[in-house]
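The chain is numbered in sequence order, starting from 1. These numbers come from the heavy atoms of this one structure, side chains and all, not from hydrogens, waters or symmetry mates.
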Amino acid sequence: MFGYDQKPGTKYQFDWEPDVRGYAIPVTLINGIRPGKTVLLTAQIHSGEYPGTVALIRLAQKLEPSQVSGRLIIMPLVNISGFYARTHAVLPEDGANLNQNYPGSPDGSPGERIAHCFATKIFPKVDFVLDLHSGDVTETLTPCLFYSDIMESQILPIARYLRVPYLIRSTATTGHYSWPGHHLKIPGILLERGHGGRCLEHWVEEDQRDVLSCLQALGVLPACHLTPYQDQWIMRHSVYLESRHSGLWYPKVEAGQFVKKGQCLGYVEDHFGNLLERYEAQADGIVYYYTHCLAILKGQPLAAYGVVTEMAQIKKHG
Ligand SMILES: [Zn+2]
């Protein structure tokens, strides 16, 4: 896959060039001593989202081929140029959002070529994608995970072991975890934990624990104290609220908060303090995340929440 020996019982750490000259993504490749699934673990698809990066670096150091059935491809710093440039989410070379631009193009901009390289060289060789994210410097969020609607029956038996309260069904099709699901039938999870451009130790530890649980549930690591998380909800309807104005955004909710239909989520004012728009919950729901930056541009996300119009739409898992 990377031109490296893939014989069982080997571990390699190297920089991989994804068809962009000079671009170097650090990779740890662990070929287990027993056959099994190949799992791709990624973080820093969006720059500025840190806990998953540290969790994967630690696991790449710790895990050994003797523990593994199958193969692990660990990439803690995919958007490494954005990591050092401290961009918000995107690739600094061309502004590409690597969670929106699949399948990319072989002769396009650097972001398009990176996506194309994953789409043609990496995804066809893997059985599962676990992609770690976080609210970046602009966002506050509660731990949650996203999965493709068409993959629900394959994802829920795995996701139930992650200590994440909200499992969010998504219709996205062009992201780093969703494109392989829709086009190659490879199940994937986008896990969100931590926010604000910070990297608190407990978020890193919780991400590590969830990655290990996922690998155990997939049979790549031996199952050890694997128990379903009891307080888990499947969210099948979500609202992604965008600002209809540029101005100053005053959020009035917290991540993880239950809101009632009609409750104020926040409002946008102009530069003279005049109200431009007040945003209300369209239904009873749970806030996944919100933008905490005062500055907001027209079209930027304000908040996202899962809809709970009646208890039947939010089912206790298991
Ligand atoms: Zn992200």
Side-chain angles (χ1 to χ4, degrees), residues 32 34 36-43 51-52 55-56 58-59 62-63 67-70 72 74 126-134 141-170 177-178 180-181 185-195 200-238 255-258 285-289 304-308 310-318:
R34 291 169 295 273
K37 290 186 166 74
T38 294
V39 180
L40 174 65
L41 303 167
T42 48
L56 290 190
R58 289 185 189 170
L59 289 172
K62 240 186 300 190
L63 291 170
Q67 302 166 277
V68 174
S69 300
L72 294 176
I74 307 174
V126 310
D127 301 301
F128 197 93
V129 177
L130 178 56
D131 187 26
L132 305 184
H133 285 247
S134 190
L141 65 76
T142 194
C144 56
L145 66 82
F146 293 84
Y147 63 91
S148 291
D149 48 359
I150 62 162
M151 286 287 151
E152 185 164 283
S153 62
Q154 291 166 71
I155 292 300
L156 294 185
I158 305 295
R160 64 187 317 211
Y161 295 106
L162 277 56
R163 295 181 69 81
V164 174
Y166 306 114
L167 315 184
I168 305 166
R169 188 163 74 166
S170 167
Y177 82 100
S178 57
K185 304 289 176 265
I186 300 165
I189 286 174
L190 187 161
L191 175 63
E192 299 257 22
R193 178 177 283 114
H195 50 81
L200 302 184
E201 181 60 26
H202 73 93
W203 292 336
V204 174
E205 287 173 5
E206 286 157 9
D207 270 358
Q208 285 189 87
R209 183 199 54 214
D210 278 344
V211 172
L212 292 173
S213 296
C214 183
L215 294 175
Q216 290 179 31
L218 289 166
V220 174
L221 293 179
C224 169
H225 308 301
L226 194 58
T227 48
Y229 187 46
Q230 293 303 313
D231 192 16
Q232 209 168 44
W233 306 85
I234 302 167
M235 308 301 293
R236 294 200 167 90
H237 305 281
S238 301
Q257 181 183 334
F258 276 85
I286 298 160
V287 177
Y288 305 144
Y289 58 82
Y305 59 98
V307 176
V308 191
E310 50 188 81
M311 286 310 287
Q313 285 184 287
I314 175 168
K315 288 183 180 167
K316 193 92 182 187
H317 192 39

I'd like to check [X] versus [Y] (side-chain heavy atoms, cut-off strictly below 4.5 Å). Are they in contact?
X	Y	result
Pro51	Leu200	no
Tyr229	Asp210	no
Trp233	Asp231	yes
Leu156	Tyr147	yes
Val68	Leu221	yes
Val287	Thr142	no
Ile286	Tyr305	no
Leu215	Phe128	no

Can you tell me how far the [atom1] atom of [X] sits from the [atom2] atom of [Y], to the nearest 0.5 Å?
X	Y	atom1	atom2	value
Lys37	Ile186	NZ	CD1	12.5 Å
Asp149	Ile168	CG	CD1	13.5 Å
Thr227	Arg163	OG1	CZ	7.0 Å
Thr42	Ile74	OG1	CD1	11.0 Å
Leu145	Arg169	CG	CZ	14.0 Å

[X] and [Y]: which non-hydrogen atoms are nearest, and at how many Å?
X	Y	value
Ile158	Cys214	CG2-SG, 3.8 Å
Glu152	Ile234	OE1-CG2, 4.4 Å
Arg193	Arg209	NH2-NH2, 3.9 Å
Gly188	Ile155	O-CD1, 3.4 Å
Leu59	Gln208	CD2-OE1, 3.9 Å
Tyr177	Ser148	CE1-N, 3.8 Å

Glu192 side chain vs Ser134 backbone, donor-acceptor pair below 3.5 Å
yes

Practice problem: Mark yes or no for whether Gln232, through its side chain, and Tyr161, through its backbone, hold a donor-acceptor pair below 3.5 Å. | Solution: no

- [ ] Salt-bridge test for Arg58 and Glu201: reply yes if a basic N is under 4.0 Å from a carboxylate O, no otherwise.
- [x] yes

The residue among Asp131, Leu132, Leu130 that forms side chain to side chain contact (heavy atoms under 4.5 Å, CB included) with Ile189 is Leu130

Using 30° and 60° as the class limits, which term best fits the ring planes of Tyr166 and Tyr288: parallel, tilted or perpendicular? tilted

Exercise for the section: May I ask you to check whether over 12 heavy atoms, not counting those of His202, lie within 6.0 Å of atom NE2? Expected result: yes

